[in-house]
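Okay, so here's the structure we're looking at.
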Amino acid sequence: MYDILIKGGRVIDPAQNLDGTLDVAINGDKIAAVDKDISPQEGQQVIDAKGKIVTPGLIDMHCHVFDSIMPIAVEPDVAGVKHAVTTVVDGGSAGQATFAAFPKYILPTAQTKVFCFLHLCSFGLIPEPELKDWDEVNLDGMAATIEANKGIIKGVKLRLVGKLVTSDGIEVVKTAQKIARQFGLPILIHIGDTDKQVPATLTQECLAVMEAGDILAHVYSGNQGSVLRPDGTVVPELKAAMERGVILDPANGRNNFSFNVARRCLAEGILPTVIGTDLNHRCLKDRTFSLPVNMSKFMALGLDLKQVVAMSTINPACAIHEEAKIGSLKPGMAADVSILELQSGAWTLIDTPGETIKTDKLLMPVTAIKNGKVIPAEPVALPPLAS
Ligand SMILES: [Zn+2]
């Protein structure tokens, strides 16, 4: 007997190379079985998933959920379970001086599991642009914060924007990398400078020092510091970084996604490793909406469903070293499951410069199952219908 039986869905679990009509059984907070034709009598609660897509619980690799503290942050469950996403990673909203609010006020309110990157700037992303000078960096404070929050903090965040990065460039990147490595953690680097202060070539310098497991956010940004050279070709350091194991995240958000850059990179085989949304209040009802919408966006750009599921399940689980617990439906893993529906219709998707594309397929969130608890999705907003 199982507590929950999800019957008849198309189960896609790239970690196990599964794609087929299968049933998923849950006991307590763990996956118990994935098999063909488990009898409905075996389930206390049976969820009919016929015509639906069943995946390991989706993981949003980059969003901003420092709710009520960082003004543009969303609640973790808005980035998370309301869109059938069971785990979210905060992309460095907090620094060492503000981080304590995460475990005290944010994590206890959320049904969604939250992991965090700690910003190199003591005050995180409040105010922007951060890091005016070295006074905003406190390495001892960072070390104490990481030590006190092991298991929550998954790396160190730095944006290639602002005064200090403009003046001291790669030294700031190396400082972030050094403190991260003291704890065996990666760095998360934001490229794309809307203020056009940071030399465009810093992205190349930065890519050259990034190592396997480090994360490049906004890989398809069209802003200054983008991976495209003025002649429209992709900087060679990007492919080399990808081949070394640097993780590439589009982290679409509002300001840092260009269809043009994405197309050029995809044409050269530079695919996202993970699909973060960079979700925040500026883009929740406008360009980004949710992780399922961003998965759909990459399907509209030519990737297939299995690829975008891998980029939203096992790949981010590996990036935050949680793959023994989440990112797959192997028996014994956390009972985190996402149920989605691939709807047909006509929707408009828009990038930062304002280019629109139409898509005829949209992944709609239906249900999240988080640690064995069934939570119906409540999408906050959807892309506009195409005319
Ligand atoms: Zn971000």
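Note that ligands are numbered from 1 as they come in the structure, with each ligand's atoms numbered from 1 the same way. Quick note: residue numbers are just sequence positions, from 1.
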Could you label the plane-to-plane angle of the Phe102 and Phe99 rings as parallel, tilted or perpendicular, counting under 30° as parallel and over 60° as perpendicular?
-> tilted

Under 3.5 Å, is there a donor on one side chain and an acceptor on the other for [X] and [Y]?
X: Asp168; Y: Trp134; answer: yes
X: Ser258; Y: Asn260; answer: no
X: Asn252; Y: Asn294; answer: yes

The Zn ion (ligand 1) - name of the N/O/S atom of His62 that sits closest to it | NE2

Restricting to N/O/S, name the atom of Asp278 that gets closest to the Zn ion (ligand 1).
-> OD1

Kindly confirm whether the Zn ion (ligand 1) is within less than 2.8 Å of some N/O/S atom in His64?
-> yes

